[in-house]
Amino acid sequence: QVQPMESGGGSVQAGGSLRLSCTASQCTYMGWFRQTPGKEREGVATIYVGDDYRDYADSVKGRFTISQNSAKNTVYLDMNSLKPEDSAMYYCAASRFLLNNPLHKGEYQYWGQGTQVTVSS
């Protein structure tokens, strides 16, 4: 089933770490996006399922890592050195097709319900 199902998230102090998980099958790309009230949903990280390709937003490079466990149809987002500006609702997205711009929200057909990440200073 392609419909993504997220888990993880929560509250942490600045400098801390969190892991998000997302399970989805029969997809080609999976991505993590985040959104705060009044702002556009932005791409955070993306991975080509079953391959080594991955990409990140500049704001999270060096701090966030996207990885996968193909046997479990699960993608992870490890978030380290968290900052208050990382606070947002995080969404997992999945696509059944090859993508031209996998960090763009318009490329994905399936979305999870979202999980809240709150980083306090």
S.K.: Evaluate the side-chain proximity of L99 to T28: yes if any heavy-atom separation is below 4.5 Å, no if none is.
M.R.: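 Heavy-atom side-chain distance check fails, nothing below 4.5 Å.
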S.K.: Side chains of W111 and R41: does their closest heavy-atom pair fall under 4.5 Å?
M.R.: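 Yes. Closest side-chain heavy atoms under 4.5 Å.
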S.K.: Less than 4.0 angstrom from a charged side-chain N to a carboxylate O is my criterion; do E42 and K105 meet it?
M.R.: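 So E42 does not pair with K105 through a salt bridge.
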S.K.: Distance from D52 atom CG to S67 atom OG, nearest 0.5 Å?
M.R.: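 Here the rounded value is 12.0 Å.
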S.K.: Can you name the closest pair of heavy atoms from Y91 and Q113 and give their distance?
M.R.: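 Reported closest heavy-atom pair: CE2-O, 3.5 Å.
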S.K.: Looking at Q68 and I47, what are the two nearest heavy atoms and their distance?
M.R.: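 Closest approach of Q68 to I47: NE2-CD1, 3.5 Å.
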S.K.: What distance do T46 atom OG1 and L77 atom CG have between them, rounded to the nearest 0.5 Å?
M.R.: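 That separation rounds to 11.0 Å.
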S.K.: Inspect the contact between K83 and D86 and indicate whether a charged nitrogen and a carboxylate oxygen are less than 4.0 angstrom apart.
M.R.: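 K83 and D86: not salt-bridged.
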S.K.: Evaluate the criterion side chain to side chain donor-acceptor pair (under 3.5 Å) for residue pair T23 and T74; output intermediate values, then yes/no.
M.R.: CA-CA 4 Å; T23 301; T74 301; 3.2 Å; yes
S.K.: I'd like to know whether L18 forms a side-chain contact (heavy atoms from CB on, under 4.5 Å) with L82, so could you lay out the CA-CA distance, the side-chain angles of the two residues, the decisive distance to 0.1 Å, and finally the verdict.
M.R.: CA-CA 8 Å; L18 284 173; L82 282 161; 4.1 Å; yes
S.K.: Short question: side chain of T115, backbone of G8 - any donor-acceptor pair under 3.5 Å?
M.R.: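 It does hold such a pair.
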S.K.: Could you please spell out the steps behind the side-chain contact (heavy atoms from CB on, under 4.5 Å) verdict for R34 and S59?
M.R.: CA-CA 12 Å; R34 66 187 181 187; S59 58; 3.4 Å; yes
S.K.: Return the CE to OG1 distance between M89 and T118, rounded to the nearest 0.5 Å.
M.R.: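 Nearest 0.5 Å value for the CE-OG1 distance: 8.5 Å.
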S.K.: Around E85, counting heavy atoms of other residues, nucleotides and ligands shown, do more than 12 lie under 6.0 Å from its CD?
M.R.: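 Yes, because the 6.0 Å sphere around CD of E85 holds more than 12 heavy atoms from other groups.
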S.K.: Checking side chain to side chain contact (heavy atoms under 4.5 Å, CB included) against V44, which of D55, V60, L103 comes through?
M.R.: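 The single option meeting the side chain to side chain contact (heavy atoms under 4.5 Å, CB included) with V44 is V60.
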S.K.: Quick one: pull up CD in Q26 and OG in S95 and give me the separation to the nearest 0.5 Å.
M.R.: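 One finds 13.0 Å between CD of Q26 and OG of S95.
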S.K.: I'd like to know if the side chain of E107 and the backbone of P102 have a donor-acceptor N/O pair within less than 3.5 Å.
M.R.: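 No, because the side chain of E107 does not come within donor-acceptor range (under 3.5 Å) of the backbone of P102.
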S.K.: Once you round to the nearest 0.5 Å, how far does OG of S25 lie from CD of Q3?
M.R.: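 Between S25 OG and Q3 CD, I get 10.5 Å after rounding to 0.5 Å.
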S.K.: Would Y90 and M79 count as a side-chain contact (heavy atoms from CB on, under 4.5 Å) here? Give the steps.
M.R.: CA-CA 12 Å; Y90 282 70; M79 305 183 292; 3.9 Å; yes
S.K.: Shortest non-hydrogen contact from M30 to A24?
M.R.: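 Nearest pair, atom of M30 first, then A24: CE-CB, 3.8 Å.
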S.K.: Minimum heavy-atom separation for C27 and A94, please, with both atom names.
M.R.: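 Looking at all heavy atoms of both residues, the shortest contact is CB-CB, 4.0 Å.
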S.K.: Sequence neighbours left out, what pairs pass ring pair (Phe, Tyr, Trp, His ring centres under 6.0 Å) with at least one residue falling in residues 48-71?
M.R.: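 Listed once each, the pairs are Y29-Y48.
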S.K.: Do you know which two heavy atoms are closest between V119 and S87, and how far apart they sit?
M.R.: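 Here V119 and S87 meet closest at N-OG, 2.7 Å.
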S.K.: Decide side chain to side chain donor-acceptor pair (under 3.5 Å) for S17 and N80; before the verdict, give the C-alpha distance in whole Å, the side-chain angles of both, and the deciding distance to 0.1 Å.
M.R.: CA-CA 4 Å; S17 300; N80 299 311; 2.8 Å; yes
S.K.: Please assess S120 against Q13 for the test side chain to side chain donor-acceptor pair (under 3.5 Å), listing each intermediate value before the final yes or no.
M.R.: CA-CA 5 Å; S120 57; Q13 289 190 327; 4.9 Å; no
S.K.: Can L20 and V117 be said to form a side-chain contact (heavy atoms from CB on, under 4.5 Å), step by step?
M.R.: CA-CA 9 Å; L20 305 181; V117 171; 4.2 Å; yes
S.K.: Indicate yes or no for a side-chain donor-acceptor contact from Q116 to the backbone of A88 under 3.5 Å, with no hydrogens or angles considered.
M.R.: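 Flag set: sc Q116 to bb A88 pair under 3.5 Å.
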S.K.: If you compare all heavy atoms of W32 against all heavy atoms of C22, which two are closest, and at what distance to 0.1 Å?
M.R.: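 Where W32 meets C22 most closely, the heavy atoms are CZ2-CB, 3.5 Å.
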